[in-house]
Amino acid sequence: MDRQRRAVLKGLAATSFTALTACGGSSSSDSGPNDSEVVAGDSSVLPEPSTPKVAFIHGVASGDPLSDRIILWTRVTPTGSLPRNVESVSVRVTVARDRDMTDKVGQLTTTTGPERDFCVKVDVAGLSPDTWYYYQFSVGNQTSVIGRTRTFPAASMASERARFAVVSCSNYAYGLFSVYKAVSEHRDLDFILHLGDYIYEYGAGEYGDFPGREPLPAHEIIDLADYRARHAQYKTDESLQAVHQQFPMICIWDDHESANDSYSDGAENHDEATEGGWSERRASAVQAYYEWLPIREADTEPTHLWRQFQFGNLIDLFMLDTRLEGRDVQVSSVADPSRFDADRQIMSAEQMDWLTSGLASSSAHWRMIGQQVMFAELNILRILDAARTLGMEDVSTFNGQLLSLNMDQWDGYVADREKVLNTLEQGVTNTVIFTGDIHTSWANEVYADSGNLLENALVSPLAAEFVTPSVTSPGFPEEIADLAAAAVRLVNPHMKYVELKSPGFILVDVTRERTQSEFYYVRSISSADTVGEIDPAMTKVVGVDSGDSRIYTDRPLSEPREVRTALFNPPVRQAVS
């Protein structure tokens, strides 16, 4: 045994996997250290007679990578008897350095059951920084597919490059997950950034009616069983499984993981008179989300989703919750003066202090923010005038879509945006914001006052914002999308790229010289014959150079890494004996 591997095993044994928690649980009496056993180097299986028959039909996943630990996830489905008749399942987790699972780092056992919807989620500590690992779950001699994941470089480590994909808004009922398939085929990514709307809450026919992808259950999801069933359905999609199997994911929720246009105390798509109390529905949505996603849970409030990741000394990544934690109800109109109120919040004061102090004190080369709704100012009234000038005869559809999204964005919470801008003005450089939510593509320069066109021609932007297109959820109607994009850019010169109709993702390539965002679009989300195929004619390159947040366009695509470790990762549904 070499010295490095011995050190890792020693680290695993020293922690005794005390950070391990079963899905939906915490380090409490029902899921604490006594439920997990370190079995480093032991390749034996659990006794067959006491082992229930199960299937791993929802794949495997990993997430929230730190320099010394990673969340590993799966779900076991009892097949030999009804789930309600199975009280507990003992699950073994094996971590190795190779695809064949022979160079084992360690093994452990944990348990799951109906109280966690048979999900398994463990936080494996004591790992080496900046290292790729393979992992597998087993129940007796029944095994999952092999997953592949990595730890991040430690904050003190010099890092020269990172590559990751940004996705959001994946509505199962609206079409095929062609975008996920395309992402899974990029073989040299470090991680996936999912910015919300991982699931949608609507019932059958309410928001998407793609044949064969009717939502389960068929009604709008409201209680815990509903949310669990919807997550389970999404996790059966092979394209989504392929992404999870190959790369760690860092994710946040947006509104549809609970209900459309949600905020702390309610949601547009929630009626307490017919659907019960909002706090109960929100708690069910949050519990199911934590059960079914490879996300590290806070020790405080369940809605404490905001957290920080460091990729060496290259990136500080701040993940925000602008949705459920501290958000006030949206105002109804851009003309409502209350949107300027000093006490209006899009997040709690605690989270805001954490963000602004973190940005100010960060020593990384790049400061990055992952969050839900568009940060840059959007001048709606001038856009409508521009659309008429460009020949749009009926602006009612355009206007309706703009208004429905705009007051849900930072435009509806001006005081909180000013707090962030004031922090950036204090010399915080190289800040890049990544956003989801609106099913469309944007590259925005962020100024202290986006409406002051003369001043902005003379000063540098404070930050750049890249908004990812959706996986499937619809953008603007085809007949108005191009004209609407032209109108947006005409009166919003800080918005350097706008595409309003096509599903896709952003591939982000980060070096010390620049952060480059490459917008990729799939050919179709309706044709099974073209799943995963990119339309190269639509690819758009934007980015920012280090020390300058002005957005550049149309430079060459970044080169893939010469060493593509992902070439060795297993395909989806690999047969494992």
Side-chain angles (χ1 to χ4, degrees), residues 166 193 195 314-318 320 322 346 352 355-356 358-362 364-380 382-383 406 409-438 440-468 485 488-499 506 508-519 540-555:
V166 185
L193 196 62
L195 298 180
L314 184 64
I315 299 171
D316 262 353
L317 173 61
F318 300 87
L320 309 185
T322 64
I346 198 169
M352 178 61 73
L355 172 62
T356 54
L359 290 171
S361 63
S362 171
H365 192 80
W366 295 95
R367 277 143 293 283
M368 295 184 172
I369 299 173
Q371 53 103 47
Q372 295 85 350
V373 292
M374 195 157 75
F375 186 86
E377 183 178 353
L378 183 65
N379 298 304
I380 288 185
R382 290 190 297 172
I383 293 173
N406 187 246
Q409 298 175 173
W410 287 77
D411 277 341
Y413 304 84
V414 176
D416 264 6
R417 181 166 58 193
E418 287 297 320
K419 295 173 185 175
V420 179
L421 293 175
N422 290 339
T423 299
L424 297 179
E425 283 188 296
Q426 304 307 309
V428 178
T429 60
N430 286 355
T431 302
V432 181
I433 302 167
F434 294 101
T435 300
D437 183 61
I438 54 176
T440 47
S441 305
W442 308 66
N444 307 322
E445 293 174 349
V446 176
Y447 290 90
D449 181 4
S450 297
N452 193 331
L453 305 184
L454 178 61
E455 177 184 324
N456 292 341
L458 303 174
V459 301
S460 296
L462 299 176
E465 178 182 31
F466 302 113
V467 182
T468 186
V488 167
R489 289 199 57 196
L490 181 63
V491 295
N492 292 274
H494 59 294
M495 295 177 166
K496 303 301 180 181
Y497 172 62
V498 181
E499 205 282 348
I506 305 175
V508 183
D509 190 275
V510 186
T511 68
R512 293 189 172 273
E513 289 72 37
R514 53 99 181 106
T515 289
Q516 182 158 295
S517 291
E518 301 167 1
F519 286 80
K540 180 69 175 181
V541 174
V542 298
V544 290
D545 289 317
S546 178
D548 182 3
S549 292
R550 292 191 183 276
I551 292 174
Y552 65 73
T553 61
D554 300 326
R555 289 186 187 174

What residues form a ring pair (Phe, Tyr, Trp, His ring centres under 6.0 Å) with F519, not counting sequence neighbours?
Y497

State which residues pass ring pair (Phe, Tyr, Trp, His ring centres under 6.0 Å) with F434; sequence neighbours excluded, sorted by chain then number.
F164

Sequence neighbours excluded, which residues qualify as salt bridge (Lys or Arg N to Asp or Glu O under 4.0 Å) partners of D416?
K419

Once side-chain hydrogen bond (donor to acceptor under 3.5 Å, both in side chains) is applied, do any residues pair with T511, and if so which ones, sequence neighbours excluded?
E513

Residue set satisfying side-chain hydrogen bond (donor to acceptor under 3.5 Å, both in side chains) with T440, at least two apart, ordered chain then number -> W442

For D545, the salt bridge (Lys or Arg N to Asp or Glu O under 4.0 Å) test, sequence neighbours excluded, returns R555

Contacts of E425 that satisfy side-chain contact (heavy atoms from CB on, under 4.5 Å) - sequence neighbours left out
N422, A448, L462

Any heavy-atom pair between the side chains of V432 and V510 that's under 4.5 Å?
no

Residue set satisfying side-chain hydrogen bond (donor to acceptor under 3.5 Å, both in side chains) with W366, at least two apart, ordered chain then number -> none

Please list, chain by chain and in numerical order, all residues satisfying salt bridge (Lys or Arg N to Asp or Glu O under 4.0 Å) with R489, sequence neighbours excluded.
none

Residues in side-chain hydrogen bond (donor to acceptor under 3.5 Å, both in side chains) with E465, at least two apart?
T435, N444

Listed partners of D509 passing salt bridge (Lys or Arg N to Asp or Glu O under 4.0 Å), at least two apart
R161, R163, R514

